[in-house]
Trainee: 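After the structure tokens below, expect a handful of questions from me.
Residue numbers start at 1 and run along the sequence shown. What's counted below: heavy atoms across the whole structure, side chains too, no hydrogens, waters or symmetry copies.
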Amino acid sequence: MVCRHNDELEALVREAKKMTGRGKVADYIPALAEADENDLSVAIYYTENTCLSAGDIEKTFTLQSISKVLSLALVLMDYGKDRVFSYVGQEPTGDPFNSIIKLETVNPSKPLNPMINAGALVVTSLIKGKSAKDRLDYLLAFIRRLANNEKITYCQNVAESEYKTSMINRAMCYYMKQYEILHGDVESVMDLYTKQCAIEMNSLDLAKIGCVFALNGKHPETGEQVIPKDVARICKTFMVTCGMYNASGEFAIKIGVPAKSGVSGGIMGISPYDFGIGIFGPALDEKGNSIAGVKLLELMSETYRLSIF
Ligand code: GLU
């Protein structure tokens, strides 16, 4: 599938790119600091299998928190919502993605939602498989089906870099293990979580996955119902209420589409029944969202009237 370059979209990218200087590439995961903060690319994948792009959409990036939507979909499919939501809540937080504070102040001590790190770690701990390798292969196979791309894998360098430095996430795991929210071996949860976050793709792959959600779980290319409708609906709702960290409220008002960002600078957006959006712009704002990516979505929302509200 060839993605056609589009001049109108390129003009929006040029405009949004002016913001990159005001952002900063994430460096708390050392390997992410290597990204070029001036990058900005976008792909739009339509339900009828056409695609428009602007910027260098060949560049790959790691999913980071965007993977939280995909691991959530997988465990919801395997366990059902009652079981999953007995471990993790459904409410937004006003705290940063890696905040630990609510684990202690909220009772019972379960994470508020699966889009923050604590909740995502619990979700990852539920991924099925007999061994660590099985669990990773199972998740990768699901993501390859979503992108219809067998080549997708994870970036070892980024995974190792996070695994070595991710002490707050470890602390949250141990805290939740104490309260029997998280089960199993913390180091193997951390190993799988950091590999999950390091799954790598380009904006076109991401836009295509967004398009699966836009079609309520049905794949635009293969026609397969990869995710049951109800699970796709739950994931999109979380994207609206908690997908853009503690900027989700402002994002819903300004832009108004289900979206999930990651600290690599990726954003997956969804225009229901119409298209999926994949953006990569590694310079982040103070909340951890791609600064130019959010600006680009704002311009796209105004130009194409995307708000679902
Ligand atoms: N791997 C990252 C972490 O846990 C994901 C954070 C994000 O993208 O928000 O810190």
Side-chain angles (χ1 to χ4, degrees), residues 20 23-43 55-71 74 96-98 117 120-121 123-125 127 129 131-144 146-147 149-173 185-209 245 260-268 278-284 288-293:
T20 54
K24 205 175 156 300
V25 168
D27 56 9
Y28 77 101
I29 299 173
L32 292 183
E34 290 159 23
D36 177 351
E37 65 184 12
N38 295 314
D39 273 344
L40 184 63
S41 62
V42 59
D56 181 4
I57 63 152
E58 295 303 314
K59 283 228 169 150
T60 56
F61 51 93
T62 57
L63 288 178
Q64 298 303 329
S65 272
I66 304 168
S67 69
K68 293 171 180 170
V69 182
L70 313 180
S71 53
L74 187 62
F97 66 96
N98 58 355
N117 284 6
L121 287 159
V123 166
T124 298
S125 75
I127 292 174
S131 63
K133 184 178 177 310
D134 273 1
R135 289 189 274 275
L136 178 64
D137 286 348
Y138 182 50
L139 176 67
L140 274 172
F142 177 59
I143 293 179
R144 287 173 185 148
L146 289 171
N149 180 354
E150 277 304 307
K151 293 199 189 108
I152 286 174
T153 187
Y154 73 98
C155 171
Q156 212 167 333
N157 181 30
V158 171
E160 270 171 20
S161 176
E162 182 173 15
Y163 183 79
K164 280 192 209 140
T165 53
S166 200
M167 299 309 156
I168 299 177
N169 285 338
R170 265 189 188 82
M172 286 194 271
C173 285
D185 174 52
V186 169
E187 286 311 307
S188 46
V189 173
M190 285 302 301
D191 178 62
L192 181 55
Y193 176 76
T194 49
K195 286 175 179 158
Q196 166 194 317
C197 288
I199 292 173
E200 196 171 31
M201 58 181 68
N202 64 26
S203 328
L204 172 58
D205 295 313
L206 190 60
K208 206 182 279 183
I209 296 177
Y245 308 116
K260 181 75 199 92
S261 65
V263 291
S264 52
I267 305 178
M268 174 171 76
I279 289 179
F280 173 54
L284 307 180
N289 293 313
S290 166
I291 193 162

Trainee: Holding to side chain to side chain contact (heavy atoms under 4.5 Å, CB included), I want the full list of residues that pass it with Ser166, two or more places apart in sequence or in another chain.
Mentor: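 Expected list: Glu162, Asn169, Arg170, Met190.
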Trainee: Looking at side-chain heavy atoms only, is the closest gap between Gln64 and Val158 below 4.5 Å?
Mentor: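 A side-chain contact exists here, since the closest heavy-atom pair is under 4.5 Å.
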Trainee: Which pairs, with at least one residue in residues 24-38 and sequence neighbours excluded, count as a salt bridge (charged side-chain N to carboxylate O under 4.0 Å, His left out)?
Mentor: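 Qualifying pairs, neighbours excluded: Lys24-Asp27.
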Trainee: Can you name the residues that form a side-chain hydrogen bond (donor to acceptor under 3.5 Å, both in side chains) with Thr20, not counting sequence neighbours?
Mentor: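 By the side-chain hydrogen bond (donor to acceptor under 3.5 Å, both in side chains) rule, Thr20 matches no residue at all.
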Trainee: Could you pull out the closest heavy-atom pair between Gly55 and Ser41, with the gap in Å?
Mentor: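 That closest heavy-atom pairing would be C-CB, 4.0 Å.
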Trainee: Shortest non-hydrogen contact from Cys197 to Ser67?
Mentor: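 Distance-wise, the nearest heavy atoms are CA-OG, 3.9 Å.
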Trainee: Measure the spacing between CG of Asn149 and CD1 of Ile209 and express it to the nearest 0.5 Å.
Mentor: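 Rounded to the nearest 0.5 Å, the CG-CD1 separation comes to 9.0 Å.
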Trainee: Could you name each residue pair satisfying salt bridge (charged side-chain N to carboxylate O under 4.0 Å, His left out) that touches residues 191-206, not counting sequence neighbours?
Mentor: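 Qualifying pairs: Asp191-Lys195.
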Trainee: Kindly compute the distance separating CD1 (Ile199) from CG (Leu140), expressed to the nearest 0.5 Å.
Mentor: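 Spacing of CD1 (Ile199) from CG (Leu140) equals 4.5 Å.
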Trainee: With no hydrogens and no angle check, is any side-chain donor or acceptor of Thr124 less than 3.5 Å from a backbone partner on Ala120?
Mentor: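 The answer is yes, because a donor-acceptor pair under 3.5 Å joins these two groups.
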Trainee: How about Cys155 and Thr62: do any of their side-chain heavy atoms sit closer than 4.5 Å?
Mentor: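 Heavy-atom side-chain distance check passes, below 4.5 Å.
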Trainee: Just jot down the ring pair (Phe, Tyr, Trp, His ring centres under 6.0 Å) partners of Tyr193, sequence neighbours excluded, or say none.
Mentor: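 Per chain and number, Tyr193 pairs via ring pair (Phe, Tyr, Trp, His ring centres under 6.0 Å) with no residue.
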Trainee: Taking all non-hydrogen atoms of both residues, which atom of Ala35 and which atom of Val25 are closest, and how far apart?
Mentor: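 In this case the closest contact between Ala35 and Val25 is O-CG2, 4.0 Å.
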Trainee: Would you give the length of the straight line joining atom OG of Ser65 to atom CE of Met268, rounded to the nearest 0.5 angstrom?
Mentor: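 So the OG of Ser65 and the CE of Met268 are separated by 11.5 Å.
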Trainee: Heavy atoms, side chains only, cut-off 4.5 Å: are Ser71 and Ile127 in contact?
Mentor: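 Ser71 reaches Ile127 side chain to side chain.
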Trainee: Do other residues, nucleotides or ligands put more than 12 heavy atoms under 6.0 Å from the CD atom of Glu187?
Mentor: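 Count over threshold, so yes.
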Trainee: Looking at every heavy atom in both Gly265 and Ser290, which two are closest together, and how far apart are they?
Mentor: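 So the minimum-distance heavy-atom pair works out to O-CB, 3.5 Å.
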Trainee: Taking it one step at a time, do Tyr154 and Ile143 satisfy side-chain contact (heavy atoms from CB on, under 4.5 Å)?
Mentor: CA-CA 11 Å; Tyr154 73 98; Ile143 293 179; over 6 Å; no
Trainee: For the atom pair OG (Ser203) and CZ (Phe61), what is the distance rounded to the nearest 0.5 Å?
Mentor: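 Those atoms lie 5.0 Å apart.
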Trainee: Report the residues that fulfil side-chain hydrogen bond (donor to acceptor under 3.5 Å, both in side chains) with Ser264, sequence neighbours left out, ordered by chain and then residue number.
Mentor: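 Ser264: no side-chain hydrogen bond (donor to acceptor under 3.5 Å, both in side chains) contacts found.
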Trainee: Within the 4.5 Å heavy-atom criterion, are Leu206 and Leu63 side-chain neighbours or not?
Mentor: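 Result yes, sub-4.5 Å side-chain heavy-atom pair found.
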Trainee: Between Phe142 and Leu70, which heavy-atom pair has the shortest distance, and what is it?
Mentor: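 Taking Phe142 first and Leu70 second, the nearest heavy atoms are CE2-O, 3.4 Å.
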Trainee: Evaluate the side-chain proximity of Met172 to Asn117: yes if any heavy-atom separation is below 4.5 Å, no if none is.
Mentor: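 Side chain of Asn117 against side chain of Met172, heavy atoms only: contact under 4.5 Å found.
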Trainee: Once rounded to the nearest 0.5 Å, what's the spacing between atom CG of Leu139 and atom CG of Asp134?
Mentor: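 Between atom CG of Leu139 and atom CG of Asp134 there are 12.5 Å.
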Trainee: Mind checking the CG-OH spacing from Leu192 to Tyr138? Nearest 0.5 Å is all I need.
Mentor: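 It comes to 12.5 Å.
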Trainee: Find out whether Asp39 and Asp56 are in side-chain contact, i.e. whether some heavy atom of one side chain is under 4.5 Å from a heavy atom of the other.
Mentor: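 No; the side chains remain at least 4.5 Å from each other.
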Trainee: Taking all non-hydrogen atoms of both residues into account, name the closest pair between Ser261 and Ile267 and its distance.
Mentor: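 That would be CB-CG1, 4.0 Å.
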Trainee: Between Leu204 and Glu58, does the side-chain contact (heavy atoms from CB on, under 4.5 Å) criterion hold? Intermediate values first, please.
Mentor: CA-CA 8 Å; Leu204 172 58; Glu58 295 303 314; over 6 Å; no
